[in-house]
Amino acid sequence: MLLPQFPHFKVINLIFEPINKRMIQDLIKAKIASALHALYQIETSGEKVVIEATTADFEGEFTFVTFPYLKLSRKSPEQTANDIGNYLLTNLPELENFEVVKGFLNLSIKQSFWLNFIQEHANTPNFGFATPNSKEPILVEYSSPNTNKPLHLGHVRNNLLGFSVSEILKANGHLVYTCNLVNDRGIHICKSMYAWMKFGNGETPESTKIKGDHLVGKYYVIFDQVYKKEIEELRSNGMSEEDAAKKAPSIVAAQEMLVKWEANDEEVVGIWKMMNVWVYAGFEITYQKMGVNFNQFYYESNTYLLGKEIVKEGLDKKVFFTKDNGSVWIDLTEEGLDQKLVLRGDGTSVYITQDLGTAEMKYEQFHCNRSIYVVGNEQEYHFKVLQQIALKLDKPYAAGIYHLSYGMVELPHGKMKSREGTVVDADELIAEMENTAEETTKALGKMEGESEENLKTLYHTIGMGALKYFLLKVDPKKKMMFNPEDSIDFQGNTGPFIQYTYARIRSILRNAGEVPNIFNLEAISLSKVEKELLLKLYQYPLIIQEASRDLSPGVICNYVYELAKNYSLFYHDHTILKEQNLDQKNLRLNICKMTAGIIKSAFSLLGIHVPEKM
RNA sequence: GGUCUCUUAGCUCAGCUGGAUAGAGCAACGGUUUUCUAAACCGUAGGUCGAAGGUUCGAGUCCUUCAGGGACUACCA
């Protein structure tokens, strides 16, 4: 079977306004470095100087901590801070004034700096994004579903993470390819197939009106029930648990099916194909609802035999060794791992063999030296082994293998298990989120008169916004708790709150009409709240870089939440449309505009849409 | 047994490469709407950052030990 062809990419070369100006932070750091040199003959560079955001209770935007330099300055913390502050005052035109508290030097930037910034960037498209495709290409593999059951909440986390991380990397200038390695073969599928053949009575998605992946999943659960019953019976006849687990008729039958499948048995392959088609049709719907997509699909039924060439290569290079029964191993004890099998005694592949083959294939296709695998943390060991083998084989992509290991989604009662039916189903959850969005919207009654179609879109936007934000705001590395009893919030630190902030801004901008970008800087005085909001807007490019570096959508979530909160405060404290001072009014409208733009932009990095009204 | 990882308010989570008095949201209680969308805003209450040592001007953050969770450690994928 041929692999699906790699589609042609539309590489759109939009002209983005580059952020070629240095950030004010870098400027301050450089000046502090020269201050340290001029005042105390300390040799350092701007990159080594650390400044941080000023804590809310103090005046200023940026803070320099003098303590690390006291031994060299040989002066008191206050004196040192004052010296540097005075130096900056004459050498840094952007500095308005400074304040010294103990050893902390707090710097206040001139309001003209912030006004120039908003004037310059309120209309910059894709503000904060790096030039597209200006950085090395990266391949992101995610989703990787099994075809024997529908997707559950854990998969949703995987998909949203994979999608969002890809978008973040793109925003940071990388060329990103996404792929999905579908696990469409193996004993688990045979289990569903066996149960369907035995108990299915020819049921199909059409005849039952059940979504294909759910129908196949139903038989996976039935298999497990039958299997467990069989084990119990065998045990009551005196068989050990271990033997019973191996000799139960249903598992034996499933294994036989797998053998037949590998032997290309017509009947088994026919059923396999049919059931896979059901599942794919179901997945397609769920993927669409989640808004994820891939440049390339791989199927294990195509790739599971790959990797044997690499085993040969490894044997030639003496990276692998053979045991008496012919099985091939690698010794990773020096790396703190174990001896790992790479090829069975009978010459068949194991998981790692296949993954090595797939890695090679992906490299040939995409030529990415960096490759990110979005896979649960239970496979950390596997990916350590994979990378070690690739390193020992001197593969060009070896160093760039990165396992984005995310934590499980846990329920109050423990882990989700598909075969036991203790899962939060993806489709059900999405439907529930949409329902909640509908109920809330109707209760508030602001959307009366909207068309049925618009409303449906809105419920989906809000429901998915809540779900996505909920899953993405937690650090990917950490496991997270989901309690189905208390539903996902729509208030506070949530997707809908931020969407709401956006909708409010849009409402103002609709009423405002044309927003002139010119205002007389002299006629304006910035409030503390406005300054904080401008500072937040200013930080967005850095946030994208940080999120990209850490591969963490959570960074974006935290940022955009703070931005929305800052805006809400601003909105609450300031009149905008009725402001008499026209320059002030224009400034505020520009702040609104830019805030809306960044909310929309940041949310797009999370795969969340924003409504014009809600 | 070994390796990795986690433990912050009643609950769910932030806390950037060590910096000022540890922050949000939810839940609880109280307040704000004749004015641009109240899915909002403000306030009150809630903490020995799992425990103990150590490193230093300074530790939720780094190191060590311990306790308690979780994952992995298959000729399964």
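Reminder, nothing fancy here: chain letters follow the sequence lines and each chain counts from 1.
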Practice task
Would you please determine if the base of B:rA40 is stacked by A:Tyr500, with stacking meaning a centroid separation under 5.5 angstrom and planes under 30 degrees?
Solution key: no

Exercise for the section: Give a yes/no verdict on base stacking between B:rA20 and A:Phe104: centres under 5.5 Å, planes within less than 30° of parallel. Expected result: yes

Handout entry: Distance below 4.0 Å between A:Arg344 side-chain N/O and B:rC76 OP1 or OP2
Key = yes

Exercise for the section: Look at the side chain of A:Thr441 and the base of B:rA39, then say whether one donor and one acceptor between them are separated by less than 3.5 Å. Expected result: yes

Practice task
Check the distance between B:rC16's C1' and A:Asp475's CG and give it to me in whole angstrom.
Solution key: 12 Å

Exercise for the section: Identify whether the distance between the nearest side-chain nitrogen and carboxylate oxygen of A:Glu532 and A:Lys536 falls below 4.0 Å. Expected result: no

Exercise for the section: Identify whether the distance between the nearest side-chain nitrogen and carboxylate oxygen of A:Glu530 and A:Arg588 falls below 4.0 Å. Expected result: yes

Practice task
Might you confirm whether atom CZ of A:Arg510 has over 12 heavy atoms from other residues, nucleotides or ligands at distances under 6.0 Å?
Solution key: yes

Practice task
For A:Glu335, report the nucleic acid contact type (base, sugar-phosphate, nothing); a contact means any heavy atom under 4.0 Å.
Solution key: nothing

Practice task
Look at the side chain of A:Asn511 and decide which nucleotide, out of B:rU37, B:rC16, B:rC57, has an atom nearest to it.
Solution key: B:rU37

Exercise for the section: Please determine which of A:Tyr299, A:Trp261, A:Tyr194 meets the ring pair (Phe, Tyr, Trp, His ring centres under 6.0 Å) test together with A:Trp272. Expected result: A:Trp261

Problem - B:rA20 base / A:Thr63 side chain donor-acceptor hit below 3.5 Å - result: yes

Fill in the blank from the handout: Rounded to whole Å, CG of A:Leu472 lies from P of B:rC13 at a distance of 14 Å

Handout entry: Touch class at under 4.0 angstrom, heavy-atom based, for A:Asn106 against every strand present
Key = base

Practice task
Go through the N and O atoms of the side chain of A:Lys446 and the base of B:rU37, and report whether any donor-acceptor pair is under 3.5 Å.
Solution key: yes

Problem - Residue whose nearest RNA chain B nucleotide is more 5′ - A:Ala564 or A:Asn377 - result: A:Ala564

Handout entry: Base of B:rA39 and ring of A:Phe497 stacked, centres under 5.5 Å, planes under 30°
Key = no

Handout entry: Short N-O contact, A:Glu335 and A:Lys384, less than 4.0 angstrom
Key = no

Practice task
Look at the side-chain N and O atoms of A:Lys565 and state whether any lies under 4.0 Å from the OP1 or OP2 oxygen of B:rG25.
Solution key: yes

Exercise for the section: Ignoring the backbone of A:Asp489, work out which of B:rA20, B:rC26, B:rU37 is nearest its side chain. Expected result: B:rC26

Handout entry: Side chain A:Thr55 and base B:rA20 donor-acceptor under 3.5 Å
Key = yes

Exercise for the section: Using atom NZ of A:Lys340 as one end and atom P of B:rC76 as the other, report the distance to the nearest whole Å. Expected result: 12 Å

Practice task
Rounded to the nearest angstrom, tell me the gap between atom NZ in A:Lys149 and atom C1' in B:rA77.
Solution key: 10 Å

Practice task
Would you classify A:Lys479 as touching base, sugar-phosphate or nothing, given that sugar-phosphate means primed atoms plus P, OP1 and OP2, and contacts are heavy atoms under 4.0 Å?
Solution key: base

Fill in the blank from the handout: A:Gln491 atom CD is separated from B:rC26 atom P, nearest whole Å, by 7 Å

Completion exercise
Of A:Lys477 and A:Met408, the one whose nearest nucleotide on RNA chain B sits closer to the 5' end is A:Lys477

Exercise for the section: Keeping the roles fixed (side chain from A:Asn172, backbone from A:Ser548), state whether a donor-acceptor pair exists under 3.5 Å. Expected result: no

